[in-house]
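Treat the numbers as computed from the prediction; the structure is a model and nothing was measured. Numbers here simply count residues along the sequence, with the first being 1. Just the heavy atoms: all of them, side chains too, but no hydrogens, waters or symmetry mates, feed the values below. First listed ligand is number 1; within each ligand, the first listed atom is number 1.
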Amino acid sequence: MSQNKAPHAAPLSEVTMDNFKRKINLLGSTGSIGTQTLDIVEERPENFEVEALAAGSNVEMLVEQAVKFNAKLVCVRDEAKYSELKEALESAGWKGDVVAGEQGVVEAARYGDADVVVTGIVGCAGLLPTIAAIESGKDIALANKETLIAGGPVVVPLLKKNNVNMTPADSEHSAIFQCLQGRHDGTLLKKILLTASGGAFRDWKAEDLKNVTVQDALKHPNWDMGAKITIDSATLMNKGLEVIEAHYLFGVDYDDIEVVVHPQSIIHSMVEFGDTSVIGQLGWPDMRLPIVYALSWPYRLDMKYDRLDLVKLGSLTFREPDRKKYPALDLSYAAGRAAGTMPCVLNAANEAAVELFRAEKIHYLDMPKVLESVMERHKSEWKENPTLEDIVAFDKLARVHAKEFIAVPL
Ligand SMILES: NC(=O)C1=CN([C@@H]2O[C@H](COP(=O)(O)OP(=O)(O)OC[C@H]3O[C@@H](n4cnc5c(N)ncnc54)[C@H](OP(=O)(O)O)[C@@H]3O)[C@@H](O)[C@H]2O)C=CC1
Ligand SMILES: CC(=O)[C@@H](O)[C@H](O)COP(=O)(O)O
Ligand SMILES: [Mn+2]
């Protein structure tokens, strides 16, 4: 049993509720997390301001956002789109810095005097920009879980070294973080109860999964999210990744992180203390809530969202995850327990598997097989205390191994 502290959270010293204003560098501004973050900025201009925006390739939306939010720097990851972005921004009368490419995203992350970086990039592509943000002393509002899963052994010590807060924007981890506020230092946190919607196939029989299509997997029962995380949710890989994310954020042993299927996605997760009390955080499945808390912590802002109506909901239900139907869950626990480079390899293999599935090159049921095969190959190369260079190299290699799976399936 581990004694747990808040996730890498040092107190914000000079801020009070009266002068609460935070400048944001937003990575992945055109995606699901990015656009919802900007909804919050639009709603609370007295509290939030945009400094820099970065996205993958959606130039049209980037231009619209840059003008509307008066960003000072704009970045497009796709270097081929640099001129298009620069010209469109100039024609729109916008003035500021325009950058592109991998290095451009890093620049956007550490840009100016932003207080916090919202990491809404999808995948391990967020790792180097997140590290740059931490090294420049900016707090991190973490949505991009893949970064922490792959880079945990390097990112966690770096947060401490730079005295940087990492507040979770992922809904479950925000719930856990909220449940842990105000507890006494010596309080024994016994377990984390991580809730799962069960994903697109929770009500499908295991034998019907052989007929799954990409479109079926993209239908999340409760949340409207980007494609990659929606597929992860359909294999329960999202929950597996979140188990590892919880381990790195809260320092809890894997034996003490339990997954509970909760089809309504109203309780976003719970914590159990030594005296058997269980505390949970409830809310509609609306990502603006965890994002706003990641940005406003340790304060709570008054937001004009719909109140949670428990009477209208009627009932909240719970069940055990079907570990046979969803092998990705146990593979994630195994990777987390193996520690070192294994979570990085699991994550990279999964990113590659999801890409292959979305391109219809492998079947839904092949995705966990890819993970198993790539993890098996990694055992002989595994490192306990990897450097950032090791993580980047193993991430790359795992993607190559995952793609070889098509040629030589298990
Ligand atoms: N959506 C949600 O509700 C939740 C998401 N998360 C996590 O948040 C992260 C983002 O998810 P989500 O918003 O759903 O994803 P989306 O696919 O909706 O958005 C991804 C964003 O990242 C940009 N992007 C992609 N690759 C790069 C890159 N290499 N460099 C810079 N920008 C890039 C995209 O730009 P463009 O579109 O221009 O290509 C887009 O702005 C993921 O890690 C996910 O697991 C966690 C909890 C909930
Ligand atoms: C909104 C959010 O945080 C997602 O990670 C969501 O929880 C996915 O839901 P499931 O993985 O439980 O289906
Ligand atoms: Mn989540």
Under 3.5 Å between some N or O of ligand 2 and some N or O of Thr195?
no
Sub-4.5 Å side-chain heavy-atom contact between Trp297 and Gln178
no
Val105 N/O under 3.5 Å from ligand 1 N/O
no
Is there a donor-acceptor contact under 3.5 Å linking the side chains of Asn238 and Lys145?
yes
Is it true that atom CD of Glu360 has more than 12 heavy atoms of other residues, nucleotides or ligands lying nearer than 6.0 Å?
no
Record the part of Asn58 in heavy-atom contact with ligand 1 below 4.0 Å; permitted values are side chain, backbone, both and neither.
both
Using a 4.0 Å heavy-atom threshold (strictly under), name the region of Met287 that reaches ligand 1: side chain, backbone, both or neither.
side chain
Heavy-atom closest pair, residues Asn47 and Leu301
OD1-CD1, 3.9 Å
Taking distance alone, with N or O pairs closer than 3.5 Å, would you say Gly56 contacts ligand 1?
yes
Does the side-chain hydrogen bond (donor to acceptor under 3.5 Å, both in side chains) test come out yes or no for Asn165 and Asp139, once each step is laid out?
CA-CA 5 Å; Asn165 299 307; Asp139 288 341; 3.2 Å; yes
Would you say Gly34 touches ligand 1, if touching means a heavy atom closer than 4.0 Å?
no
What are the two closest heavy atoms between Ala334 and Met375, and how far apart are they?
CB-CE, 4.4 Å
Name the closest protein heavy atom to atom 41 (O) of ligand 1, giving the residue it belongs to and the distance to 0.1 Å.
Thr30 OG1, 2.7 Å
Counting heavy atoms only, which part of Ser32 comes closer than 4.0 Å to ligand 1: side chain, backbone, both or neither?
both
In this structure, atom 17 (O) of ligand 1 is nearest to the protein heavy atom Gly226 CA, 4.0 Å
Run the numbers on Asn144 and Leu27 for side chain to side chain contact (heavy atoms under 4.5 Å, CB included), then give the verdict.
CA-CA 10 Å; Asn144 176 221; Leu27 309 182; over 6 Å; no
Arg288 charged N/C atom sitting above Tyr305 aromatic ring, 6.0 Å / 45°
yes
Hey, are the side chains of Tyr111 and Asp97 touching, using non-hydrogen atoms and a 4.5 Å cut-off?
yes
Can you pull out the closest protein heavy atom to atom 11 (O) of ligand 2? Residue, atom name and distance to 0.1 Å, please.
Asn238 ND2, 2.7 Å
min-distance protein heavy atom vs atom 19 (O) of ligand 1 -> Gly31 CA, 3.2 Å
Any chance you could lay out the salt bridge (Lys or Arg N to Asp or Glu O under 4.0 Å) test for Lys138 and Glu51, step after step, and finish with the verdict?
CA-CA 12 Å; Lys138 300 190 191 310; Glu51 282 278 292; over 6 Å; no
May I ask you to check if ligand 1 and Glu146 share an N or O to N or O distance below 3.5 Å?
yes
N/O to N/O below 3.5 Å, does that happen between Ser171 and ligand 1?
no
If we only count heavy atoms from C-beta on, is the Leu371 to Met237 side-chain gap below 4.5 Å?
yes
Taking the Mn ion (ligand 3) as the centre, how many protein N/O/S atoms fall inside a distance shorter than 2.8 Å?
3
Atoms of ligand 1 less than 4.0 Å from Ala143 heavy atoms?
6 (N), 7 (C), 8 (O), 43 (O), 46 (C)
Atom 28 (C) of ligand 1: closest protein heavy atom, distance to 0.1 Å, is Arg77 CG, 3.7 Å
Going by heavy atoms, is His268 under 4.0 Å from ligand 2?
no
Nearest neighbour in protein (non-hydrogen) for atom 31 (C) of ligand 1
Ile121 CD1, 3.6 Å
Nearest neighbour in protein (non-hydrogen) for atom 4 (C) of ligand 1:
Ile33 CD1, 3.5 Å
How close does the nearest protein non-hydrogen atom get to atom 20 (C) of ligand 1, and which residue and atom is it?
Gly120 O, 3.7 Å
Give the atoms of ligand 1, by number and element, whose distance to some non-hydrogen atom of Met225 is under 4.0 Å.
1 (N), 2 (C), 3 (O)
Any Ala54 heavy atom less than 4.0 Å from ligand 1:
no
Check Asn222 against ligand 2 and report side chain, backbone, both or neither, counting heavy atoms closer than 4.0 Å.
neither
Shortest protein heavy-atom distance from atom 12 (O) of ligand 2, along with the residue and atom involved
Ser197 N, 2.8 Å
Looking only at side chains, do Thr341 and His378 share a donor and an acceptor under 3.5 Å apart?
yes
Residue portion contacting ligand 2 (non-hydrogen atoms closer than 4.0 Å) for Lys145
side chain
Any donor-acceptor pair under 3.5 Å linking the side chain of Ser136 with the backbone of Ala132?
yes
Should you measure from each heavy atom of Ser57, which atoms of ligand 1 turn up under 4.0 Å away?
36 (P), 38 (O), 39 (O)
As a check for students: among Met225, Glu242, His173, Lys239, identify the option with a heavy atom nearest to atom 5 (O) of ligand 2.
Glu242
Taking only non-hydrogen atoms of Ala125 and a 4.0 Å limit, the atoms of ligand 1 in range are 29 (N)
Would you please determine whether Lys145 falls within less than 4.0 Å of ligand 1 on a heavy-atom basis?
yes
Starting from atom 47 (C) of ligand 1, what is the nearest protein heavy atom, named by residue and atom, and what distance separates them?
Asp170 OD1, 3.2 Å
Output yes when Asp203 and Lys219 qualify as a salt bridge under the 4.0 Å nitrogen-oxygen rule, no when they do not.
no
